[in-house]
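Worksheet: one structure, shown below.
Atoms within each ligand, like the ligands themselves, are counted from 1 in listed order.
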Amino acid sequence: MPIVRPAAPVRIDAVELRVLHLPLVSPFTTSFGTETVREVIVVRVRTGDGDGWGEIVTQQAPLYSSEYTQGAWDVTQRFLAPALLDAAAEGVAPEQVSTVLAPFVGHRMAKAGLELAVLDAALRAAGRPLGEYLGATVDRVPSGVSVGIQRDPSALVDAVGGYLDDGYVRIKIKIKPGRDVADTAAVRDAFGAIALQVDANSAYTLEDADTLAELDRFDLLLIEQPLQEDDIVDHAALAARLRTPICLDESIVSAKAARDALALRAAAIINIKAGRVGGYLEAVRVHDLCREAGVPVWCGGMLETGIGRAANAALAALPGFTLPGDLSASDRFYARDIVREPIVLDDGHVRVPTAPGIGVEIDPVALEDATVARVELRR
Ligand code: SMG
Ligand code: MG
C-alpha cells in the first residue's frame, strides 16, 4: 500500500557526513572479493526539531554495483546535499526528497542515505516509528543469514552450523564458478531440509546454464542474481531452463526495473534493498507492485550498521515480505555496532523497532571511534 499518512516537512540546517571503518568479525567473501573492514557513510541531518540519521551503503570499491564510497562522498557533497539543503530551507517532507534529487542521474545509494536521514528526523519529530509509517504489519521478522565463501566446503559446513546454532531460520551461501555444486551439496548433506538459498552476485553467464541446473536437485528456495545486472533477457532464458526460482538483486535498481523484470519473466522472486533502489519509499513501491503481482519479496542486506539494520527490520515487516531476509544481528558482522541497542536475534527473529524514527539511538563514542573522515555542509 502507498504511504498512508505522509510526514510533515522538516527544515534542514546542516548535513553531516562521516566515513566509518568498522572491522568485520570475520572476512566476508563473495564472488567479487573479500572484505575485512566495512567502509560506510553515515548521514546526520540537523533540524530545528533534532537530528535524523541515515546510512549510505556503498562499499569501498565498485564491485557489487557502480557506486562506491568515495564516489558517494563526492556526489553527496558536490550535488545531493546542496540540493537538499536548498530545498529544505523552507522545509522538505521525506516524500519530496527523491524528487529534489531526481535531476542527478543514478547514485541511488547516496540518495537513499539522505532520504533515510530526512525520514528519521521527520518521524522522530512526529513521534512516529518508521515501521508504522511504511506500513508494517508485524512486530518481528524472521532472520536469515548470508554466509560468505569459505576456504573449502567443510569450513562452510562449520560456519553454517554455527549460524544454525545461533537460531537463524534461513541460510544463504555465496557461490561462484568452481564453488557452487560441491558447496551446496555439502551444506544440504550436513543439515538436511533447512531453508537454503544461494547468491552468485553476477558471477555466471548463460553458458553456465548446465552447471546452474545441477543446483536444481538441492531444492533451494532460490538462486540470487546468477547473471550480470543488465542481463534481464538472459535471466529470463535461464529461468526457463531451471526449476529453482531466480531471484534478482543487482538488476532491480527501481520499481520500473522490477516491473520490467517481472514482465519479461526474468525473476520469480525479488530481493529488495532500499539503498540499491534509491530509498525506503522506492523500496515500498517495489514491494507494492510485487505484492500486486503475487511475487514474493525479501529484504536484502548491505552489511548495514545498526542504522540501516533497524530501518531494514521496519521495511521487512510489510506484508509482501514473505521470505526471510538478510536481516542478521549486529554481531553477525560487528563486534561493536554504532547504536546503543544493537540488533539482536530472538528465537530466530529480529524485533521491529517501536521508538520514533528508525527507533535506535546512536552511540556517540562508538560513532566517533569508527569515524575516519567527517564533513559538515550548511546552506
Ligand atoms: O547484510 O547480511 C548482510 C549481507 C547480505 O549477502 C549480502 N549482501 O548480494 O546480497 C548481496 C550482498 C551484497 C553485499 S556483498 C559485500
Ligand atoms: Mg545478493
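Taking OH from Tyr64 and CD from Gln225, the interatomic distance works out to 7.5 Å, rounded to the nearest 0.5 Å.
No salt bridge links Arg336 with Asp363; every basic N to acidic carboxylate O contact stays at or beyond 4.0 Å. Note on Arg124 versus Asp49: no salt bridge recorded, every NZ/NE/NH1/NH2 to OD/OE distance being 4.0 Å or above. Taking a cutoff of 4.0 Å between a charged side-chain nitrogen and a carboxylate oxygen, Glu16 and Arg374 qualify as a salt bridge. Residues Arg332 and Asp166 are not paired through a salt bridge, judged by the lack of any N-O separation under 4.0 Å between the basic side chain and the carboxylate. A salt bridge links Asp249 with Arg276; the closest basic N to acidic carboxylate O contact falls under 4.0 Å. Using a cutoff of 4.0 Å between basic side-chain nitrogens and carboxylate oxygens, Asp326 and Arg170 are scored as salt-bridged.
Using cut-offs of 30° and 60° on the angle between ring planes, the pair Phe333 and Phe28 is perpendicular.
Contact atoms of ligand 1 toward Asp249: 9 (O), 10 (O), 11 (C) (distance under 4.0 Å to a heavy atom of the residue). In the vicinity of Glu35, heavy-atom distances shorter than 4.0 Å reach the ligand 1 atoms 16 (C). Within the listing of ligand 1, atoms 10 (O) sit less than 4.0 angstrom from a heavy atom of Glu224.
Taking the Mg ion (ligand 2) as reference, Glu224 places its N/O/S atom OE2 nearest. In Asp249, the N, O or S atom that comes nearest to the Mg ion (ligand 2) is OD2. Per residue Asp199, closest N, O or S atom to the Mg ion (ligand 2): atom name OD2.
If you look at Leu327 next to ligand 1, there are no close heavy atoms at all, none under 4.0 Å. Residue Asp199 touches ligand 1 through its side chain alone, judged by heavy-atom distances below 4.0 Å.
The single protein non-hydrogen atom nearest to atom 9 (O) of ligand 1 is Asn201 ND2, 2.7 Å, given as residue, atom name and distance. The single protein non-hydrogen atom nearest to atom 15 (S) of ligand 1 is Phe32 CZ, 3.7 Å, given as residue, atom name and distance. Nearest protein heavy-atom neighbour of atom 3 (C) of ligand 1: Phe333 CE1, 3.5 Å. Annotation: atom 10 (O) of ligand 1 to nearest protein heavy atom, Lys172 NZ, 2.9 Å. Looking only at heavy atoms of the protein, atom 4 (C) of ligand 1 is closest to Gly301 O, 3.7 Å. The protein heavy-atom contact nearest to atom 16 (C) of ligand 1 is Gln59 NE2, 2.8 Å.
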Item to complete: Could you go through the side chain to side chain donor-acceptor pair (under 3.5 Å) check for Thr58 and Thr69 one step at a time?
Response: CA-CA 5 Å; Thr58 48; Thr69 303; 3.3 Å; yes
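Without hydrogens or angle criteria, Arg217 side chain to Ala185 main chain gives no donor-acceptor distance under 3.5 Å. Glu132 places no side-chain N or O within donor-acceptor distance of the main-chain N or O of Leu130, the cut-off being under 3.5 Å. Looking only at distances, no side-chain donor or acceptor of Arg108 sits under 3.5 Å from a matching main-chain atom of Gly279.
Of the polar atoms of Phe28, none of the N or O atoms is found under 3.5 Å from an N or O of ligand 1, judged by distance alone. Looking at Leu303 next to ligand 1, an N or O pair under 3.5 Å apart turns up. Between Lys174 and ligand 1, a contact under 3.5 Å exists for at least one N or O pair. Considering backbone and side-chain N/O of Tyr64, none are found under 3.5 Å from N/O of ligand 1.
Closest heavy-atom approach to atom 7 (C) of ligand 1 among the candidates Cys247, Gly144, Ser146: Ser146. For atom 11 (C) of ligand 1, the candidate residues are Lys273, Met302, Gln225; the nearest heavy-atom contact is made by Lys273.
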